[in-house]
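Counting starts at 1 for both ligands and their atoms, in listed order.
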Amino acid sequence: MRAFASRFRMAQERAASSVHGTAFPVISIGSVKSAGASTLALTIASASASTRTPVFLIDAGNTHDLSTWASKPGKPIQIEVAKCEKTNQLAGLVREGIERRAVVIIDAGTRPEVLRAATRLAATVLIPLRFSPLSAFAAALTDQLLATELEGTTKRRCFVATAIAQIPSRIARAVEAEVERSTTERFPVGLAQRAAYEAPFMFGGTLFTLSDDTAPGIARAQDEARAMAANLGVLHSAGSILASRIADTIRHDRRVAA
Ligand SMILES: Nc1ncnc2c1ncn2[C@@H]1O[C@H](COP(=O)(O)OP(=O)(O)O)[C@@H](O)[C@H]1O
Ligand SMILES: [Mg+2]
């Protein structure tokens with residue numbers, strides 16, 4: 001019994017070190033208020049998958065929208081969706097994604113406990129921010145909530161603007177005032193308000209498999225998705241990603257052996 005317990009602990013520590021210590025892309029997305037986390041997660045995953053990069057999408061969101069999406073037709077074979085029902089399953093799922101050499105994207109939803117756990121496991125933390133004062137308030141709150149988890153780490157944390165619509169400049173200023181106290185990075189690419197982003201959730205498939213008839217504005221949405229994924233380093237040609245994964249694996253195995 002004790003042997004099992006200590007083996008289990010070792011496996012957990014290994015999981016943690018392989019998450020924090022190597023360049024495996026693990027991205028956590030969420031905010032204490034619904035602000036486009038699932039849309040952002042699927043958009044980044046879709047751009048990655050369109051370059052034949054395997055993606056392990058962990059659905060820890062409250063309403064499991066990504067699991068519902070996965071049950072619809074048109075899911076690319078490169079995207080696997082794993083449902084996470086309990087916070088204590090999250091580390092194991094991240095480990096599974098890393099073992100598959102996949103880009104791991106966690107939809108952490110809105111629950112603070114899940115957001116914290118996902119932040120501990122991720123290398124990059126994205127806080128979606130709808131450009132409205134209430135959403136900005138929630139994003140600032142999320143930023144504070146996660147600050148303690150990120151202290152002393154080199155993890156990247158960003159506000160990402162989602163569903164960007166034309167709003168009066170007075171409101172834009174109020175939004176900016178809400179988040180300006182934080183030094184957290186503003187992600188250089190956002191998602192405009194476009195029907196194309198909603199289409200995959202309605203019809204299944206992705207921005208890279210649907211057509212403009214079903215997903216109006218799809219070409220611009222694809223551009224945003226690609227730019228976002230490129231900035232996160234999860235958009236590669238099949239050849240270069242294979243080479244970098246092999247290098248990562250060798251480095252990781254050496255570190256484990258040392
Ligand atoms: N860029 C966007 N353009 C249009 N609609 C969007 C966009 N981002 C999110 N939405 C819509 O906003 C709603 C909430 O988005 P969702 O991704 O489910 O947020 P969360 O996962 O944070 O609850 C959904 O109906 C979604 O389709
Ligand atoms: Mg969601």
**OP:** Please round to the nearest 0.5 Å and tell me the distance separating atom OG1 of T184 and atom CZ of F159.
**Re:**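 Result: 5.0 Å between the selected atoms.
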
Original post:
Is A35 near ligand 1, meaning one of its heavy atoms is under 4.0 Å from it?
Top reply: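 A heavy atom of A35 does come that close to ligand 1.
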
[X] vs [Y] side-chain heavy atoms within contact, under 4.5 Å:
X	Y	value
V26	I98	yes
F187	N231	yes
E224	M228	no
C158	V125	no
T162	R130	yes
R156	L232	yes

Which atoms from ligand 1 have a heavy atom of [X] less than 4.0 Å away?
X	result
L191	1 (N)
Q193	3 (N), 4 (C), 5 (N)
A37	17 (O), 19 (O), 20 (P), 21 (O), 22 (O)

Original post:
Would the number of heavy atoms belonging to other residues, nucleotides or ligands and lying under 6.0 Å from CZ of F201 be above 12?
Top reply: yes

For [atom], what is the closest protein heavy atom, and at what distance to 0.1 Å?
atom	result
atom 18 (O) of ligand 1	D65 OD2, 4.0 Å
atom 7 (C) of ligand 1	A163 CB, 3.8 Å
atom 17 (O) of ligand 1	T39 OG1, 2.5 Å
atom 4 (C) of ligand 1	R194 O, 3.2 Å

Subject >> Pair D223 + R220, salt bridge at N-O below 4.0 Å >> reply: no

**OP:** Give a yes or no on whether a salt bridge exists between K155 and E149, defined as a side-chain N under 4.0 angstrom from a carboxylate O.
**Re:** no

Original post:
Is it the side chain, the backbone, both or neither of R130 that has a heavy atom closer than 4.0 Å to ligand 1?
Top reply: side chain

Original post:
Ignoring water, what protein N, O or S atoms are under 2.8 Å from the Mg ion (ligand 2)?
Top reply: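 Listed by chain and number: S38 OG.
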
Subject >> Result of checking I127, T124, L126 against I29 for side chain to side chain contact (heavy atoms under 4.5 Å, CB included) >> reply: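 Going through the options one by one, the only one that passes is L126.
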
Original post:
Judged by modelled atom types alone, do T119 and S28 share a side-chain donor-acceptor pair under 3.5 Å?
Top reply: no

**OP:** For ligand 1, find out whether one of its N or O atoms is nearer than 3.5 Å to an N or O atom of T162.
**Re:**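 There is no such contact.
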
Original post:
Below 3.5 angstrom, do we get any N/O pair linking E198 and ligand 1?
Top reply: yes

Subject >> Heavy-atom nearest option to atom 23 (O) of ligand 1, drawn from P200, S135, S34 >> reply: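 Result: the heavy atom closest to atom 23 (O) of ligand 1 is in S34.
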
**OP:** Compare S31, A192, G36, G109 and give the one whose heavy atom is closest to atom 1 (N) of ligand 1.
**Re:**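 Of the listed residues, A192 has the closest heavy atom.
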
